[in-house]
> 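My questions will all concern the structure given below.
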Amino acid sequence: MVKNKQQILKDTESYIRSVFEKEGSGHDWWHIHRVRKMALKIAEDEGGDVFLIEMAALLHDLDDWKLSQNEESKTRYWLLKNDLQPDVVSLIVEITEQVSFKGAGENTRPSSLEAQIVQDADRLDAIGAIGIARTFAYGGNRERLIYHPDIKPEFHADFQSYKKNNSPTINHFYEKLLLLKDRLNTPVACEIAERRHRFMQDFLNEFFMEWETKI
């Protein structure tokens, strides 16, 4: 029996939750849950195919280079296993492949409205209070220093240099997080980002005041 869309979404949620529930780098199930909620919130204003958006949001980290070394697409395999049409499979895979930030010098603007929405939702979860928490979770997971005053941020010209980067966690704010506000696609995401961006700036100001023992 061919599954309906709601059943596919339900099964995909269960599958992704089982894969990511104990993930300790800030890319856990609750990150994916928030990205899905935010993507659907943005779609209420911006439109787009809600099924494609929700499926891509659920699956967006399954083949992420930071988490998976598999050459074959687990996302494509899962979608085909659920009897989705090849053109729908290709659309969802394309969205997931366009989500990630790939370095300051890389243009990663998505090619469809659906991809823009999922990318915006993922980037909003990388900034603000939750973004700060996730950044330090990721740094700890990768055994990175919190900060080193002699190691300066790098603005990576290409994806390969960004992938190889292993600098202290504070540098990541300058190499990625503070850049995201101006790299969002939809008006609603840009509006949400303003407050979250200011919160990160305030955090960094406080961090360096404490580092220099000025307060």
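As the structure is a prediction and not an experimental result, all values here were calculated from the model. Index from 1, following the sequence.
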> Does Leu179 share a hydrophobic cluster with Val99, counting links as ILVMFWY side-chain heavy atoms below 4.5 Å and allowing steps through other members?
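Leu179 clusters together with Val99.
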> State the CG-NZ distance between Asp125 and Lys37, to the nearest 0.5 angstrom.
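The CG atom of Asp125 sits 11.0 Å away from the NZ atom of Lys37.
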> What is the ring orientation for Trp30 with His33, classed by angle as parallel under 30°, tilted 30 to 60°, or perpendicular over 60°?
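Taking His33 first and then Trp30, their aromatic rings stand perpendicular (interplane angle over 60°).
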> Could you measure the distance from the OG1 atom of Thr135 to the NZ atom of Lys176? Nearest 0.5 Å is fine.
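So the gap between those two atoms works out to 7.5 Å.
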> Go through the steps for Ile170 and Phe173 under the test side-chain contact (heavy atoms from CB on, under 4.5 Å), then give the verdict.
CA-CA 6 Å; Ile170 286 293; Phe173 286 86; 4.2 Å; yes
> Does Tyr162 have Lys102 sitting over its ring (NZ/CZ under 6.0 Å from centre, angle to axis within 45°)?
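No, Lys102 does not sit over the ring of Tyr162.
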> How close do Ala115 and Gln98 get, heavy atom to heavy atom, and via which atoms?
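Scanning both residues, the minimum pair turns out to be CB-OE1, 3.6 Å.
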> Side chain of Asp45, backbone of Val188: donor and acceptor closer than 3.5 Å?
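No, Asp45 side chain to Val188 backbone: no donor-acceptor pair under 3.5 Å.
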> Check whether Ser90 reaches the backbone of Asp87 with its side chain - one donor and one acceptor, N or O, closer than 3.5 Å.
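Between the backbone of Asp87 and the side chain of Ser90 there is no qualifying donor-acceptor contact (under 3.5 Å).
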> Please report the C-alpha distance between Arg144 and Asn166 in whole Å, then the side-chain angles of each, then the deciding distance to 0.1 Å, and finally whether the side-chain hydrogen bond (donor to acceptor under 3.5 Å, both in side chains) criterion is met.
CA-CA 7 Å; Arg144 296 183 178 182; Asn166 196 34; 3.0 Å; yes
> Please tell me if the side chains of Thr12 and Leu9 come closer than 4.5 Å, counting only heavy atoms from C-beta onward.
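They are not in contact (no side-chain heavy atoms under 4.5 Å apart), so the answer is no.
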> Rounded at 0.5 Å granularity, tell me how far CZ in Arg17 sits from CG in Leu58.
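It comes to 11.5 Å.
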> Is the Phe208 ring parallel, tilted or perpendicular to the Tyr174 ring (thresholds 30°, 60°)?
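Phe208 and Tyr174: tilted rings.
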> Would you say that Leu184 contacts Arg123 through its side chain, given a criterion of any heavy-atom pair below 4.5 Å between the two side chains?
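A side-chain contact under 4.5 Å exists here.
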> Which atoms form the tightest heavy-atom contact between Ala57 and Arg36, and what is the distance?
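Here Ala57 and Arg36 meet closest at CB-CA, 3.7 Å.
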> Any donor-acceptor pair under 3.5 Å linking the side chain of Asp49 with the backbone of Phe51?
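Between the backbone of Phe51 and the side chain of Asp49 there is a qualifying donor-acceptor contact (under 3.5 Å).
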> Does Glu21 CD have over 12 foreign heavy atoms under 6.0 Å away?
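For Glu21, atom CD is crowded (more than 12 foreign heavy atoms under 6.0 Å).
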> Flag yes if Tyr15 and Phe20 sit in one hydrophobic cluster, no otherwise; membership is Ile, Leu, Val, Met, Phe, Trp, Tyr, and two members link when side-chain heavy atoms are under 4.5 Å apart.
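Yes, Tyr15 and Phe20 fall within the same hydrophobic cluster.
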> Would you find a donor on one side and an acceptor on the other, under 3.5 Å apart, between the side chain of Arg196 and the backbone of Leu124?
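Yes; judged by distance alone, with no hydrogens or angles, the pair exists.
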> Are Glu175 and Ser167 linked by a side-chain donor-acceptor pair shorter than 3.5 Å?
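The answer is yes; a qualifying pair exists.
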> Tell me the closest heavy-atom pair linking Ile127 and Ala193, and the distance in Å.
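Heavy atoms only, the tightest pair is CD1-CB, 3.9 Å.
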> Mark yes when over 12 heavy atoms from residues, nucleotides or ligands other than Ile151 sit less than 6.0 Å from its CD1; otherwise mark no.
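Yes, the 6.0 Å shell around CD1 holds more than 12 heavy atoms from other groups.
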> Determine, stepwise, if the pair Gln7 / Asp11 fulfils side-chain hydrogen bond (donor to acceptor under 3.5 Å, both in side chains).
CA-CA 6 Å; Gln7 187 62 52; Asp11 290 348; 2.8 Å; yes
> Do His31 and His60 have their ring centres less than 6.0 Å from each other?
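Aromatic pair counts; centres sit under 6.0 Å.
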> Output, in order, the C-alpha distance, side-chain angles, deciding distance and verdict of side-chain contact (heavy atoms from CB on, under 4.5 Å) for Gln119 and Arg183.
CA-CA 10 Å; Gln119 186 189 77; Arg183 298 190 179 204; over 6 Å; no
> Can you find a pair of side-chain heavy atoms, one from Val118 and one from Glu114, that are under 4.5 Å apart?
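Not touching, per the 4.5 Å side-chain cut-off.
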> Does the side chain of Ile132 reach to within under 4.5 Å of the side chain of Phe199, using non-hydrogen atoms?
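Touching, per the 4.5 Å side-chain cut-off.
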> Under 4.5 Å between side-chain heavy atoms, counting indirect links through other Ile/Leu/Val/Met/Phe/Trp/Tyr residues: same cluster for Leu204 and Leu180 or not?
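In one cluster with Leu204: Leu180, yes.
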> Minimum heavy-atom separation for Gly47 to Leu113, with atom names?
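For Gly47 and Leu113, the tightest heavy-atom pair comes out as C-CD2, 3.9 Å.
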> Which is it for Leu178 and Gln201 under the side-chain contact (heavy atoms from CB on, under 4.5 Å) test, yes or no, and what are the steps along the way?
CA-CA 8 Å; Leu178 293 173; Gln201 290 176 315; 4.2 Å; yes
> So if you build clusters from Ile, Leu, Val, Met, Phe, Trp, Tyr with side-chain heavy-atom gaps below 4.5 Å, do Met55 and Leu40 land together?
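No, Met55 and Leu40 fall in different hydrophobic clusters.
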> Is any side-chain heavy atom of Trp29 less than 4.5 Å from a side-chain heavy atom of Ser18?
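No, every pair of side-chain atoms sits at 4.5 Å or beyond.
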> Indicate the atoms forming the closest heavy-atom contact of Asp64 with Ser100, along with that distance.
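For Asp64 versus Ser100, the nearest heavy atoms are OD2-OG, 3.2 Å.
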> Calculate, to the nearest 0.5 Å, the distance between atoms NZ and CD1 belonging to Lys81 and Ile8 respectively.
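Rounded to the nearest 0.5 Å, the NZ-CD1 separation comes to 13.0 Å.
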> Less than 4.5 Å apart, side chain to side chain, heavy atoms only: is that true for Pro187 and Glu46?
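In contact.
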> Just do the side-chain hydrogen bond (donor to acceptor under 3.5 Å, both in side chains) check on Asp63 and Thr96 with the steps written out, would you?
CA-CA 8 Å; Asp63 290 307; Thr96 64; 5.8 Å; no
> Say you draw a straight line from OG of Ser112 to CG of Leu52; how long is it, rounded to the nearest 0.5 Å?
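If we round to the nearest 0.5 Å, Ser112:OG and Leu52:CG are 8.0 Å apart.
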> May I ask you to test the Ser25-Leu67 pair for a side-chain heavy-atom distance under 4.5 Å?
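They are in side-chain contact.
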> Might you confirm whether atom CD of Gln85 has over 12 heavy atoms from other residues, nucleotides or ligands at distances under 6.0 Å?
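No - once you tally the heavy atoms of other residues, nucleotides and ligands closer than 6.0 Å, there are 12 at most.
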> Answer with yes or no whether the hydrophobic clustering places Ile92 together with Tyr77; edges join I, L, V, M, F, W, Y residues whose side-chain heavy atoms lie under 4.5 Å apart.
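They do not share one cluster, since no chain of ILVMFWY contacts under 4.5 Å joins Ile92 to Tyr77.
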> Is any side-chain heavy atom of Trp78 closer than 4.5 Å to a side-chain heavy atom of Val19?
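Heavy-atom side-chain distance check fails, nothing below 4.5 Å.
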> Do other residues, nucleotides or ligands put more than 12 heavy atoms under 6.0 Å from Lys10 NZ?
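No, because the 6.0 Å sphere around NZ of Lys10 holds 12 heavy atoms or fewer from other groups.
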> Is there a side-chain contact (heavy atoms from CB on, under 4.5 Å) between Ile16 and Leu59 once you walk through the steps?
CA-CA 7 Å; Ile16 292 298; Leu59 292 163; 3.8 Å; yes
> Using a strict 4.0 Å threshold on nitrogen-to-oxygen distance, state whether Lys22 and Asp28 make a salt bridge.
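Here Lys22 does not pair with Asp28 in a salt bridge, since their nearest N and O are not under 4.0 Å apart.
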> Would a distance-only check, ignoring hydrogens and angles, find a side-chain to backbone donor-acceptor pair under 3.5 Å from Asp120 to Thr186?
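Between the backbone of Thr186 and the side chain of Asp120 there is a qualifying donor-acceptor contact (under 3.5 Å).
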> Any idea which heavy atoms bring Gly128 and Met200 closest together, and the distance?
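Taking every non-hydrogen atom into account, N-CG, 3.6 Å.
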> Return the CZ to CG distance between Arg34 and Asp122, rounded to the nearest 0.5 Å.
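Spacing of CZ (Arg34) from CG (Asp122) equals 10.5 Å.
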